[in-house]
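In this chain, numbering begins with 1 at the start of the sequence shown.
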Amino acid sequence: MWAKYDFASAGWLPLWRHLADCGAVAGLLWDRWVPGAVRALVAEVLPGGAADARSLAVWLAGVHDIGKATPAFACQVDSLADRMRDAGLEMQGPKRMADRRMAPHGLAGQMLLAQWLEERHGWSPQSCGQFAVVVGGHHGLPPEKVQVGDLDDHPELLRTPGRSEAVWLGVQEELLVACAVEFGVTERLAAWRWVKLPQSVQAVLSALVIVADWIASNADLFPYFPEAVSRSGAERVAAAWRELDLPAPWCPQEPRGSAAELFAARFELSPGARPRPVQEAAVRLARELPAPGLMMIEAPMGEGKTEAALAVAEIFAARSGAGGCFFALPTMATSNGMFPRLLDWLRRLPPGADGVAWSVRLAHSKAALNEHFAGLMAASQPIGAVDLDGEATVVPRSAQDPFTPAELVAHQWLSGRKKAMLSSFVVGTIDQLLFAGLKSRHLALRHLALAGKVVVVDEAHAYDAYMNSYLDRVLSWLGEYRVPVVVLSATLPAGRRRALAGAYAGSIAVERHAELFAGLEEDEGYPLLTVVAPGGCPVVEQPGASGRGGLVEVEWLDDGLAELADRLTELLADGGCVLVVRNTVARVQETAKALRARFGRQAVSVAHARFMDPDRAAKDAGLLAQFGPPGREAGPGSERPDLHIVVASQVAEQSLDIDFDLLVTDLAPVDLVLQRMGRLHRHARGQRPPLLSAARCVLTGVDRSRPVPRPVAGSVRVYGRHALLRSLAVLLPHLQGETGLVRLPQDISPLVQQAYGPGAVGPVEWAEVMQEARRAHEDELADKEMRADTYRLAPAFKAGRALTGWVKGGAGDADDSRGGRAQVRDGKETLEVLVIQRLSDGTLTTPEWLDLGKGGLALPEYAVPEPRAARVAASCGLRLPMQLSQPYVIDKVIAELEEFCPRAWQSKECHWLAGELFLVLGPDCQTRLAGFRLSYSPSEGLEVTREQ
């Protein structure tokens, strides 16, 4: 192979070995790990189809480090550089090569490969760029045009001028030729010169090269120095692959049989239960579509949209070649709730090949503290010594569980913020999806992770304009990848329906089928299924209603604690269970105090976001035990009480299957009011209190004494005046007389479409105030769009345009941290602290009230705590209220919190607590912080009052 130069003596043999290893690893990844959908995406743009696709991926991985064969890189180690100089490869030392930073080896490799293709194979510069940029971006950032231009002006960084220039050129060319021969592309280069690679293909190839490079660079898997036992390159790669043992992608067969048979096999149904009409229609459409695409499922609360999405995901995956599924939810709490449901579904899927393992991941910043995910890892067995990140873990197949199709693996190599999404089955927060639209380092990895999955977006109505701008952009890229997507919502405004469909289908399709896309804003059918393929036209179907639902009596109530207590006294004369939803935690807490004064402390409980994570989880579990579906009582004390009032914030309006006899709610956007109504008479019960035998909603939180009613200030801060006034305007006809009526589900779509539509609503005398509120709202939307565009990824450009500058001006590394989430969510992220307790004797412990032996664990201030105590402390996260994150106080808050920073806790041995902020409560569970008094209890949560 080495015709002219002694590469071994000149020091090039390790580089060649790495290039060969990386190419071989890429081949194994392509054959055994990359989903079929991604392979097909690449294959269809190449003249040789699947064979060309594999050869191209392997070759680009093999040639990725060619930029190391340059003076700018080779000069770094004196002993190696001297050997190269002895072989005729002259170069200056790094201190004398002041401009060498202009030639990072990725960019240098891009330039060398492009020059070789252009000069030796006759490619055009444009054709060269779309292939070579994969090499240039293998460290996570595709080069920018200015970097390419700067290096073009300094050729001495690629080859030392003078008598050595030809030697450098010879080395580079022989390495390039050797790679072409080794990976079998020499005869294909002529055919590829005419190919125009879509940017989606460039992105997934870039990501594959990154993954292959990371694996081949692992010194434990691929030792740098000669091994004790001589092995060929193929033997080295095979041994490393066995040790790594990456799980294969999901390869489902399309399920046969009726929808009823499919649901009976995949889900735990009640005896005699059948799929609801919307579920049957979703399965039928998924099978009948010419090709998988975007399906939006709009259906009432409790109609089984999650089960429908999983059934559709299985069909879409089989038809598209997707190798997994990503389920995106609004919050960590909803993600935690979905994770065990995903595991149950996975265990009921048909068996795969013998010994198959599927990788599973819970993707958010506190996943390691989730009991289900921790159990998946703790109760598992190692599948291989993956020294890069630690041991991989597996849940063995259960002989007693006939549904378990494969071992469910929490593979440690597939962990961390950059690799977690590469697992086959992932449940995570919506941020993980939105990050795919954020210009950031290693963005290609996120795109590869999504390109091989079916994506499910739950609670699509829960995202504001800022987040929606990112969601729309991500959908446009998912359309480019032809990723099947399922969007779920109980209350989706028609404008969002059109925007989501248009983003996925693409601008050309929207222009071609303008009338059909415009019609999506006019359809008020409900339930509703909307499907569209990438580049296609939308199809809408309205399945029949399931017969669930009914009438909700709606009444006004003046805002006031005394008025509320009086009305509840009347309505609860025969007992009953009431949900009172307030729009701010402050209103939750003051309402609970007032109602306890009337009904007693035991009759009133609270639920809001200002609880420590363990207490919040316990609250949710308690709500489900007492107010969830009948027959699920967890033991003594979990029975449904005769009389109880739950005062809650928005945490009760979604993803909790709870059922109440009466609802009291602050005015909110109409879709959220309807979500809250979904908690009324949700389950069939033998008998409800006579006065509450009909579902009743009491609407409050509005000052009605003014000509134009005024929502309370806290609600305006949360939702904005425009949304609240339009909500009130469309509800007004249902509030005439003593008691109005809302029909569920019939009124859901008309109310939502009117509230979010462009037409005027409300009495004539409201017009001026409504117009003023609309102008302020539109200004706010324009501002959000402008701010979101700062770091938002551009749409995919036409095929053949290189990814050069793809993430220019980006946000750096994106992760699921407070700062990372702030990039894709509007508004300021509040501070999060870990709650610990200082006892009267001065010792530090985990909060004393925690159950299961977790409370009162010692946290020595001057030593590393025991791992179990540190993990429990790390689980006690608490988000401070917005009033402690305001500009005028946040610096003082952080400074005071940082005064407590035990040095011993910052070590690597204490990774659970290193770098965290701690709220240290006294024996009475109180403390002072930046002029505020903070008091905490497991029943009431955090209360904050300003000190005088």
Heavy atoms, side chains only, cut-off 4.5 Å: are Gln76 and Arg100 in contact? yes

Using side-chain heavy atoms (C-beta onward) and a distance below 4.5 Å, is Lys418 in contact with Trp214? yes

Closest non-hydrogen atom pair, Phe316 against Pro292: CD2-CB, 3.6 Å

When you look at Asn336 and His364, which way does the side-chain hydrogen bond (donor to acceptor under 3.5 Å, both in side chains) test go after all the steps? CA-CA 9 Å; Asn336 288 340; His364 61 65; 2.8 Å; yes

Would you check if Pro252 and Leu349 make a side-chain contact, meaning some heavy-atom pair closer than 4.5 Å? no

Please step through side chain to side chain contact (heavy atoms under 4.5 Å, CB included) for the pair Leu29 and Trp241, ending with a clear verdict. CA-CA 9 Å; Leu29 288 169; Trp241 186 261; 3.7 Å; yes

If we ignore hydrogens and angles and just use 3.5 Å, is the side chain of Gln202 paired with the main-chain N or O of Leu197 as donor and acceptor? yes

With sequence neighbours left out, what residues match Ala248 under side chain to side chain contact (heavy atoms under 4.5 Å, CB included)? none

Nearest-0.5 Å distance, CE of residue Met332 to CG of residue Asp431: 7.5 Å

Using the ring of each side chain (for Trp, its six-membered ring), is Tyr481 parallel, tilted or perpendicular to His447, with breaks at 30° and 60°? perpendicular

Heavy atoms only: give me the nearest Leu60-Val135 pair and the separation to one decimal. O-CG2, 4.3 Å

Using a 3.5 Å distance criterion without hydrogens, assess whether the side chain of Lys453 forms a donor-acceptor pair with backbone atoms of Val483. no

Taking every non-hydrogen atom, the tightest pair across Pro534 and Gly479: CB-O, 3.5 Å

Does some side-chain heavy atom of Trp16 sit less than 4.5 Å from a side-chain heavy atom of Glu182? yes

Please examine the side chains of Met338 and Asp458, heavy atoms only from C-beta on, and report whether any two atoms are closer than 4.5 Å. no

Flag, side chain of Ser423 to backbone of Val426, donor-acceptor distance under 3.5 Å: no

Drop me the distance from Ser217's OG to His18's NE2, to the nearest 0.5 angstrom. 4.0 Å

So Val474 and Val455, side chain to side chain contact (heavy atoms under 4.5 Å, CB included) or not? Walk me through it. CA-CA 11 Å; Val474 171; Val455 173; over 6 Å; no

Pairs under 3.5 angstrom only: tabulate donor-acceptor contacts from the side chains of residues 103-114 to other protein residues two or more places apart or in another chain.
unit_1	atom_1	unit_2	atom_2	d
His105	NE2	Asp65	OD1	3.2
His105	NE2	His138	NE2	3.3
His105	NE2	His139	NE2	3.0

Starting at CG of Leu443, measure out to CG of Leu448 and round the result to the nearest 0.5 Å. 11.5 Å

What's the separation between atom CG in Leu793 and atom CG in Leu434, rounded to the nearest 0.5 Å? 12.5 Å

Between the CG atom in Leu19 and the CG atom in Leu175, the distance rounded to the nearest 0.5 Å is 6.5 Å

Any pair with a residue in residues 313-328 that passes salt bridge (charged side-chain N to carboxylate O under 4.0 Å, His left out), sequence neighbours left out, goes on the list, sorted by first then second residue, please. Arg266-Glu314

Side-chain heavy atoms of Leu56 within contact of Val185, under 4.5 Å: no

Between Leu158 and Gln115, the two heavy atoms sitting closest are CD1-NE2, 3.9 Å

Counting distance only, does the side-chain N/O of Ser359 pair as donor-acceptor with the main-chain N or O of Ser424 below 3.5 Å? yes

Do Gln432 and Phe326 have side-chain heavy atoms sitting under 4.5 Å apart? yes

Side-chain donor-acceptor pairs under 3.5 Å in residues 795-807, sequence neighbours left out?
none

Does the pair Val34 and Val204 meet the rule for a side chain to side chain contact (heavy atoms under 4.5 Å, CB included), with working shown? CA-CA 10 Å; Val34 174; Val204 296; over 6 Å; no

Where at least one partner belongs to residues 29-50, residue pairs that pass salt bridge (charged side-chain N to carboxylate O under 4.0 Å, His left out), sequence neighbours excluded: Asp31-Arg54, Glu44-Arg482

Does the plane of the ring in Phe425 sit parallel, tilted or perpendicular to the ring in Trp345? Use 30° and 60° as the thresholds. perpendicular

Suppose we screen for salt bridge (Lys or Arg N to Asp or Glu O under 4.0 Å). Which residues come up paired with Arg188, at least two apart in sequence or across chains? Asp52

Would you check if Trp477 and Gln199 make a side-chain contact, meaning some heavy-atom pair closer than 4.5 Å? yes

Distance-minimising heavy-atom pair for Cys128 and Trp123: SG-CB, 3.4 Å

Checking His64 side chain against Ser206 main chain: does a donor-acceptor pair fall under 3.5 Å? no

For the student: nearest non-hydrogen atoms of Leu414 and Leu422, plus distance: CD2-CB, 3.9 Å

Residues Val63, Trp116; criterion side chain to side chain contact (heavy atoms under 4.5 Å, CB included); working and verdict: CA-CA 12 Å; Val63 80; Trp116 182 69; over 6 Å; no

Nearest 0.5 Å, please: how far is CD1 in Ile430 from CZ in Phe327? 11.0 Å

